[in-house]
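A, B, ... follow the sequence lines: proteins, then strands. Residue 1 opens every chain.
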Amino acid sequence: MASSYPPPFEGSAEVKEGFLCPLCLKDLQSFYQLQDHYEEEHSGDSHHVGGQIKSLVQKAKKAKDKLLKRDGDERTETSYESFYYGGVDPYMWEPQELGATRSHLDLFKKHRAARIDHYVIEVNKRIIRLEKLTSFDRTNMDAGKIRALEKSVVPWVSDHDVPFCPDCGGKFNIRNRRHHCRLCGSIMCRKCMDFVPLPLACKLTSSTREALFVPGSPGKGGSPSAGGPAAPQQQLPRRGSISSLSSVSSVLEEKDEDRIRCCRHCMEALLRHQHKLEEKDHVPDIVKLYERLRICMDKVDEKAPEYIRMHLKEMVTKPLLTLGTVRFPMEQCLLLLPFSFFHLQAALESQKRHSEIDKNRTTLNANGDALRPAGGPRMTKAGGWLPLSDTAHSRSRELDDPLLQQIDNIESFLKQARAANRTDEIAMLEENLRQLQDEFDAQQTSRAIELSQQLADEESLQQSQIQYLQKKKLEGKMPIRAQTLDFGEVRNAAECTEKEFDSRENLNASPVLSTLLKTQSIKSFPRLPGNSPPLQRDERAPTPPAGETQNSSGTASLNPFDEADSTPIEEDPTNPFSEEIQKEHSQVLSTQNKEYNPFEDEEDEEKEGNNSGSGNPFEDEDDNGNDNQGNPFKTPNKTLNKTPAASTNPFDDDHNEGPATDDIIEEELLLQQIDNIRAYIFDAKLSGRTDEVELLSQNLRELQRTLQQQKRKTH
Amino acid sequence: MNVTLAVKQYVSKMIESSGPGMKVLLMDKETTSIVSMVYTQSEILQKEVYLFERIDSQNRENMKHLKAICFLRPTKENVENLIQELHRPKYSVYFIYFSNVISKSEVKALAEADEQEVVAEVQEFYGDFIAVNPHLFSLNLQGVVRGRSWEPTILPRVTQGLTSVLLALKKCPMIRYQLSSDMAKRLAESVKQIITKEYELFDFRKTEVPPLLLILDRSDDAITPLLNQWTYQAMVHELLGLNNNRIDLSRVPGISKDLREVVLSAENDEFYANAFVDNYPQFKKMSGTVSKHVTVVGELSRLVSERQLMEVSEVEQELACQNDHSSAQQNVRRLLQNPRVAELDAVRLVMLYALRYERHSSSMLPSLMDELNRRGVSEKHCKMVQAMIDYGGKRVRGTDLITATDAVAITKQFFKGLKGVENVYTQHQPLLHDTLDQLIKGRLKDSQFPYLGPSSLRDRPQDIIVFIIGGATYEEALTVYNLNRTMPGVRIVLGGTTIHNTKSFLEEVTSAAGLGHGSSRPPTRR
């Protein structure tokens, strides 16, 4: 029935759509055509309902316009998807400010203050009296004397003024005797009397003394008075005078040796006060645990990005990397915590990584199997090799790229294998190492691509990068100056920087950071004879003789610190060899290194790596400046460009022994920066970023000026 | 103009300004609903709120390591409870927020109770309404009408609710009301009085076009809440009952334990365990969402076929929208004779007929009533037909709900006809649509909807708050949503004393008529 319902005026089951004329059912495409049509053909018909309009042509026209417009509007309302007029979904309404609020806190405080003042005074009065009452030796004094003293503290209410107990209403007589509160002087019956034991009194007076002497706290020391008119006081049932001989006997021994008589109100006030004092310092276990939990949660939040990155790396080869699989193990770990924020962050992070890894994957696939490098070391571990456990190595563990750690590990395995002369394993390890390096190259490339894309919004990052660079530079110097430096100190300082760095730019910083690290450490890989593709590609760095390489990889490990520890270099910081380096760099480019022994070679490259990694496989392109996207050193370069005054490095001042070394490094740095800036300018020109070009050229000039000054100084 | 966001921001602000550390949220019955409408448990847990307590629950534990955030309506009982609480504080520090204006004397009483100086904040945060959707709020009040005027205790509450909406949205509006309704006038005056009294509070930044508050009366359109609806939210409410966005599915045959009650929140369509406020069973979180909707939809379709609601609805729509008496009465009669049509549906068909053809020359109402009796429809329901006519009949209505009189309306109907009926089940447009449409176009007649006070709006209104005394419906909420979507520069928020379905509307009408136990009985379900 629903479908066959005949719409009126149409008379047939056929449903026509569009802008039909109501009378002739002609389809007229648009409002305006319909309007015109209507006006021409049927203007008379539509107005017979309001007959009076008919004669007034002008009016009629107006009315019709309105009618037709209305109809148009109506149509959009029923099918607003197609006639979207620009209204806004209530869910999309612009953010609004917090609604009206009104604070009554001032009024509240005013009323409360009046009240509290009263209580504070009352309580403090009592405590001062209590102090006086406890100040003398009660045990060795006779009752009368005590009584006199007590009376001097607070005037006692005279007996005949109080015929009834003010609390319970019991009549005082010979059996129901009056008792005076020693704190306020009021009269109670025995039933309504209380005692402050001396220990409590001492506690109260001493703690209050402390509290009173803490500035700002006396106001807080107040506790509610039970004597206040509003304070609820349970009325004891009226009792007849229940008394006994004991009360008579108690009269005889009025002397309270270890307690102080007081009324209930005073007692209550004191107890509350004491309760409050106790509570003030009491932290329940759950709070301590909770605080620890929060700290842990914060730490986890901090570490989460790294965890996810590591996690993702293991899954690099899986074709589909869903968020779910990434989140799953974390949820397992942290299920108990209300952690959605963390998940959100994690999800974001992994999404970001995902795209990055995607890029990586394509490169990796080209390079070969990517899973094997990851799996390699583990196999070896099973074979019994353990990573070297010297200090340098443990430092290298801090490198935040797991891949670097792997490489590191393999290096040490390799060393051990060589020491043990296990040639088959050496071959396998070398193969692993090579693959790892491959992957590294690939990663660097893709990272660099991403980095160059991020350039625009990395202003804020640069400061921290500089710090990092400086640290690295410092570390780079270390092999030379190992004898004179306090290792731990540098490390601490470096760690500090790193932490600061991390906390400041957790998400953005890490890729840059690891790139830097990589550029550094990839340089220091021992060159394996003939089987290292990066080496082969590196045209300017000639392959050292096999024997020498083995030698170098055997003694000098991949890490500069290793070297510093195991084989400290004999030369002084001012040795001729470093001068040579300096000279070499003053010739603008780091040129052929053939005449140097492998040691020097590595040193040199390390430094380059520290600063810009000019010795890396991409150096050629870098120098030519025609590799826009693939340049991994863009960001570091830029950082350096922006702050040519690298000499402000605090670490330099702290740790540099010889100014000569300083200058050497400085100059070397400058040269490289100049180099890099040139490349960067070229790059910027190519991509038409004129404003950057300008900025860069300015930097370049500055750098060159500094260089001139440096040269003048040294010569 | 987003009411959900407004309340949410208030709650967030409360929690944030209490600083880090474990917190307890101390609420009363009403604020519990208010908060649970905008915040899920997981969301609020993240803000370190780990405990939810009612101020009136007696045996709360002492937990000095928790900070208490009190969000309370400024009622006498709450203030009294709070005073007791402050005499013997259970938590370390108290941040007190009242959902509406509190008197200075009450602040003083509280201050004097705070002998231990545990109160760190006393504020008014005007979240005194239930935010159902961003553009829809309710006060969860039923039985507001007694005869043709306000139930005396309700008017102050409605005024509070409505002014708190204005404050939360930071609007100091001009007020228009429906002239034909005395209740609308009373409410308008009451709101105006508050605005005048608390002029400092309402001193917001002036906008170019002042916002508008339009107060309407349900009795002007009694048809809309009687119709079956075919949008999800409205259907759920009509057939299953939606209370504070929660559906009670416990009567569904073979329902699993987990799905006895589910939450249907547009804000956050995940299961959130309402255990946090009302001790409902914890729900399985993620898997719930799908099975929830499957269950809900399954139940809806079961009810639709069981009660033959498609046919019923078609006749309802015909009654509401067409003008063909003989066909209408034949269809109604046919359905009344159908044993599968539920009693409620039979009654509402007759009601619709009665409202529609009340004054028709050949009204068949008496014979339809006979038909009802023959079906064995209960006395109570039969009486309701008359009550409905009393409530929303022609005598009462200010605007004409059904028959168009002027040229514009007639031609409009004419055009409607030529467009054809797109969907027989959704032909009906609530009266609210026309009212708002005219309002936006500046054509709403001052004679029917006068301004309160001398000034009137010259321009097209931009920010409109519509309030329906006697309750709004989800159909009207949809209308408002669509108007928001289609009208550039116009933002409309709809509110009502409650959100009606047919059942709750019938209860409202019953209580208005003072029929039997109607007025005194507390409404059970909506």
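Taking the charged nitrogens against the carboxylate oxygens, Arg294(A) and Glu48(B) do have a contact shorter than 4.0 Å, which makes a salt bridge. Of the charged side-chain nitrogens involved, none lies within less than 4.0 Å of a carboxylate oxygen, so that Lys109(A) and Glu117(B) do not count as a salt-bridged pair.
The OH atom of Tyr119(A) sits 4.0 Å away from the CD atom of Glu115(B) when rounded to the nearest 0.5 Å. Here Asp114(B) contributes atom CG and His111(A) contributes atom NE2; the two are 13.0 Å apart, rounded to the nearest 0.5 Å. Residue Asn2(B) holds its CG atom at 5.5 Å from CD of Gln96(A), rounded to the nearest 0.5 Å. Rounding to the nearest 0.5 Å gives a distance of 12.0 Å between OG1 of Thr101(A) and CD of Gln9(B).
Closest non-hydrogen pair, Met22(B) versus Ile286(A), comes out as CE-O, 4.1 Å. Taking each heavy atom of Val118(B) and Arg112(A) in turn, the nearest pair found is N-NH1, 4.2 Å.
Heavy-atom distances place the backbone of Ala120(B), and not its side chain, under 4.5 Å from chain A. If you measure heavy-atom distances from Glu97(A) to chain B, the contacts under 4.5 Å come from both the backbone and the side chain. Heavy atoms of Glu106(B) lying under 4.5 Å from chain A are absent altogether. For Phe202(B), no part sits under 4.5 Å from any heavy atom of chain A, backbone or side chain. For Lys108(B), the parts sitting under 4.5 Å from any heavy atom of chain A are the backbone and the side chain alike. Contacts of Val480(B) with chain A are absent, with no heavy-atom separation under 4.5 Å from either backbone or side chain.
The most heavy-atom pairs under 4.5 Å with chain A, out of Thr479(B), Leu201(B), Leu169(B), come from Leu201(B). Ranked by heavy-atom pairs shorter than 4.5 Å toward chain A, the options Ala168(B), Ala111(B), Ser164(B) are led by Ala111(B). Chain B forms more heavy-atom pairs under 4.5 Å with one residue of Ser103(A), Ala113(A), Ala100(A) than with any other, namely Ala100(A).
A 6.0 Å sphere centred on NZ of Lys110(A) holds no more than 12 heavy atoms belonging to other residues, nucleotides or ligands. By the neighbour-count criterion of 12 heavy atoms within 6.0 Å, atom NZ of Lys13(B) is sparsely surrounded, having that number or fewer from other residues, nucleotides or ligands.
Scanning residues 93-105 of chain B against chain A with a 4.5 Å heavy-atom cutoff picks out Val101(B), Ile102(B), Lys104(B), ordered by number.
The closest side-chain heavy-atom distance from Glu198(B) to Arg102(A) is below 4.5 Å. Looking at Leu105(A) and Gln123(B), their side chains never come closer than 4.5 Å, going by heavy atoms from C-beta outward.
Looking only at atom types and distance, the side chain of Glu124(B) has a donor-acceptor partner in the side chain of His104(A) under 3.5 Å away.
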